[in-house]
Amino acid sequence: MTQDMATSPEPEPQATELISGGHLVAKALKAEGVDVIYTLCGGHIIDIYDGCVDEGIKVIDVRHEQVAAHAADGHARITGTTGCAVVTAGPGTTDAVTGVANALRAESPMLLIGGQGALSQHKMGSLQDLPHVDMMAPITKFAATVPHTERVADLVSMAFRECYNGAPGPSFLEIPRDVLDAKVPRDRARVPRPGGYRASTRRQGDPAAIERLADLLVNAEKPCILLGNQIWTTRATDAATELVRTLNVPAYMNGAGRGTLPPGDPHHYQLSRRYAFNNADVIVIVGTPFDFRMGYGRRLSPEATVVQIDLDYRTVGKNRDVDLGIVGDPGLILSAVTQAASGRSDNGASGRKAWLEELRAEETKAYEKRLPLQHSGASPIHPYRLVHEINEFLTEDSIYIGDGGDIVTFSGQVVQPKSPGHWMDPGPLGTLGVGIPFVMAAKQARPDKEVVALFGDGAFSLTGWDFETLVRFDLPFVGIVGNNSSMNQIRYGQGAKYGKDRERVGNTLGDVPYSEFARMLGGHGEEVREPGQIRPALERARESGKPSLINVWIDTDVYAPGTMNQTMYK
Ligand SMILES: Cc1ncc(C[n+]2csc(CCOP(=O)(O)OP(=O)(O)O)c2C)c(N)n1
Ligand SMILES: [Mg+2]
């Protein structure tokens, strides 16, 4: 080669930059703000991991795909951004079904990406081939196959957009192995720009309806408001607080709406809800459907004027007639109502003093009736005593997670989150096993927070092996197992229906010391048999700085009132 040729002014032909499907996935995840994926590996999906390395996305590998999906759901709840789980084809995807279904009923925005056999082997019987999209369609807002590598990032973004259509929920995307692994010229693949591929999800309600609601509230003598899940989903805490304070309206909270007002707040009510629903003249239901938790709407006084506000058009007026329905963002709507009502010379706030006092008296009566059980010194430990101790232990920075049957029903009555967004339960699917994955997501997203989780011994067992993942990723939390060696919530119904002598069928577990399980996996564990030992054990778990399980042996033969009323089936 001559010197002339080496320095020739002729430009070298530029190699076209190529990019693989997995790397396009990672770019689209990054554009959505996803900083962590929950996953269990498989040969169909490894190119996504490789893309995550380039984009700086953390990969948390779990021991069961159900955990990955629940963690993505939990991530969405804690952060207000979309969660993401990545699972392999076939059994990886079927294992994740429960987590996706739970997110659908809980209105939690998450994307599940599943592997799939190569398109070139479509319907030939490739390893782990199943009709994933057909399986996922009824439990997602959007389910699709990526047909070409150029479309990978575009379809990931489309799936994210669909998560936010109406009330949020999950999307599913399967990516065939050859589509994921193939490389295409970078400039042929559409990679949507962060923030550029969907509209704001905040929709203002109809102004005329807002005026009407302001009128109703201003003139109400006995109003009450139920602040549901969507208050937290849409981060409407401040708007809700402002409304109840300005208009002096008693507030009840459910699901993730719990903690919107702190316990002790003059507008925070809980134990008088049934009384309020029976006696109120105006009832405003925000961001929660008339499902079984609401007796399908039948538990509201037939004489009350009922208003329903929801993100989803399909939810308003479902199962029960409403007098006014408003579709849109709860925060924007509540703020607009406060503003409309504040313009009046008298917004009626002072006239509602007697109503608030009436409800407070009901609350106090119910609370005092229960208090002796919360202080019970009995051994075996009364479940009310356990949940009372947990409630006292929580700080403003404790995220509380409940995963179980009867024991969690007890805790729903007594445990009060001290801050907004610090309460996590499965939601209306009632899925046992969300506990460990929710702990994972919460501690990963908010390392500054303390995470406290109460498990039934039955519930813990479904996903308990991922305690090891918490150890591996150094995600400490305070765990408590309310151990009655039973699936007690179900046992109660069997005893009531078939008699005491036939109640122990299919619901009895071994006497497992879960503290030892925790220690075996590298965590902190203790056994508790006496009520006075609960608090010190919780403190030691807090101090340990490790994932922990305090195994508390509780009385097997007492049941929560909600379980005895079998309210979940009514
Ligand atoms: C995945 C799943 N399987 C089964 C059920 C039905 N179920 C509801 S409560 C319950 C018992 C749970 O037992 P445990 O967690 O020990 O709580 P306990 O009632 O004993 O306090 C069962 C099996 C469910 N909700 N979710
Ligand atoms: Mg149990």
Side-chain angles (χ1 to χ4, degrees), residues 64-67 69-70 73-74 94-106 139 255 291-293 373 380-388 390 401-415 424-439 453-467 479-497 503-515 517 527-528 549-570:
H64 193 292
E65 288 87 353
Q66 180 183 351
V67 171
H70 285 318
D73 169 355
T94 58
D95 274 357
V97 164
T98 301
V100 173
N102 193 68
L104 181 77
R105 289 292 305 272
I139 55 166
D291 62 15
F292 70 98
R293 296 169 298 181
L373 288 176
I381 293 167
H382 196 289
Y384 267 131
R385 175 68 188 263
L386 173 59
V387 296
H388 173 80
I390 294 171
I401 295 165
D403 179 14
D406 193 54
I407 187 63
V408 168
T409 307
F410 275 111
S411 88
Q413 290 182 291
V414 174
V415 176
M424 294 174 85
D425 63 31
L429 198 66
T431 312
L432 299 179
V434 296
I436 288 287
F438 280 4
V439 168
L454 171 64
F455 305 91
D457 52 325
F460 177 80
S461 313
L462 272 88
T463 51
W465 270 108
D466 267 288
F467 188 94
I480 306 111
V481 181
N483 196 340
N484 48 24
S485 309
S486 306
M487 304 277 196
N488 239 18
Q489 191 153 60
I490 306 307
R491 175 184 157 219
Y492 179 82
Q494 290 173 278
K497 198 168 175 188
E503 71 169 11
R504 280 271 179 207
V505 182
N507 55 37
T508 303
L509 304 167
D511 294 333
V512 178
Y514 288 93
S515 57
F517 182 76
E527 293 294 297
V528 167
L549 287 180
I550 307 300
N551 186 50
V552 182
W553 297 97
I554 53 171
D555 192 337
T556 304
D557 291 316
V558 292
Y559 298 96
T563 298
M564 290 192 281
N565 294 331
Q566 300 271 293
T567 42
M568 56 281 201
Y569 304 122
K570 284 184 180 162

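Only this structure's heavy atoms are used, side chains among them; waters, hydrogens and symmetry mates stay out. Note that ligands are numbered from 1 as they come in the structure, with each ligand's atoms numbered from 1 the same way.
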Strictly distance-based, threshold 3.5 Å: is any side-chain N or O of Asp457 a donor or acceptor partner for the main-chain N or O of Val512?
no
Under 4.0 Å from one or more heavy atoms of Gly458, ligand 1 contributes atoms 14 (P), 15 (O), 16 (O)
Proximal ligand 1 atoms for Gly404, defined as those under 4.0 Å from one of its heavy atoms
15 (O)
Taking atom types as modelled, is there a side-chain donor on Ser485 or Asp511 under 3.5 Å from an acceptor on the other?
yes
Looking only at protein heavy atoms, what sits closest to atom 21 (O) of ligand 1 is Ile407 N, 2.9 Å
Run the numbers on Val505 and Gln494 for side chain to side chain contact (heavy atoms under 4.5 Å, CB included), then give the verdict.
CA-CA 8 Å; Val505 182; Gln494 290 173 278; 4.1 Å; yes
Between Asp466 and Val67, what is the shortest heavy-atom contact and its length?
OD2-CG2, 3.2 Å
Under 2.8 Å from the Mg ion (ligand 2) - does any N, O or S atom of Met487 fall there?
no
Can an N or O of Gly405 be found at a distance shorter than 3.5 Å from an N or O of ligand 1?
yes
Looking at Gly493, Gly456, Ser486, Ala459, the heavy atom closest to atom 20 (O) of ligand 1 belongs to Ser486
Between ligand 1 and Leu462, can you find any atom pair, the residue atom being a heavy atom, that is separated by under 4.0 Å?
yes
Atom 9 (S) of ligand 1 - nearest protein heavy atom and its distance
Gln489 OE1, 3.4 Å
Please work out which of the three classes, parallel, tilted or perpendicular, describes the rings of Tyr514 and Phe517, given edges at 30° and 60°.
perpendicular
The protein heavy atom nearest to atom 6 (C) of ligand 1 is Ile490 CD1, 4.1 Å
Indicate if the distance from the Mg ion (ligand 2) to the nearest N, O or S atom of Asp457 falls below 2.8 Å.
yes
Counting from 1 in the order shown, the ligand 1 atoms closer than 4.0 Å to a non-hydrogen atom of Asn488 are 18 (P), 19 (O), 20 (O)
Please list the nearest protein heavy atom to atom 19 (O) of ligand 1 with its residue and the distance rounded to 0.1 Å.
Asp406 N, 2.7 Å
Could you tell me which non-hydrogen atom of Asp403 sits nearest to which non-hydrogen atom of Thr431, and how far apart they are?
OD1-O, 4.1 Å
Please determine whether any non-hydrogen atom of Gly430 lies less than 4.0 Å from an atom of ligand 1.
yes
Within the 3.5 Å criterion, strictly below it, is a donor on Thr508 or Arg491 matched to an acceptor on the partner's side chain?
no
Per atom 22 (C) of ligand 1, closest listed option by heavy atom (Asn484, Thr463, Asn102, Leu432)
Leu432
Pairwise distance CZ(Phe455) to CD1(Ile436) - rounded to 0.5 angstrom
4.0 Å
Which bit of Thr98 is near ligand 1, meaning a heavy atom under 4.0 Å away: side chain, backbone, both or neither?
neither
Below 2.8 Å, any N, O or S contact between Ser486 and the Mg ion (ligand 2)?
yes
Roughly how far, to the nearest 0.5 Å, is CZ of Phe410 from CD1 of Ile390?
12.5 Å
Is the closest side-chain donor-acceptor distance between Asn551 and Glu527 under 3.5 Å?
yes
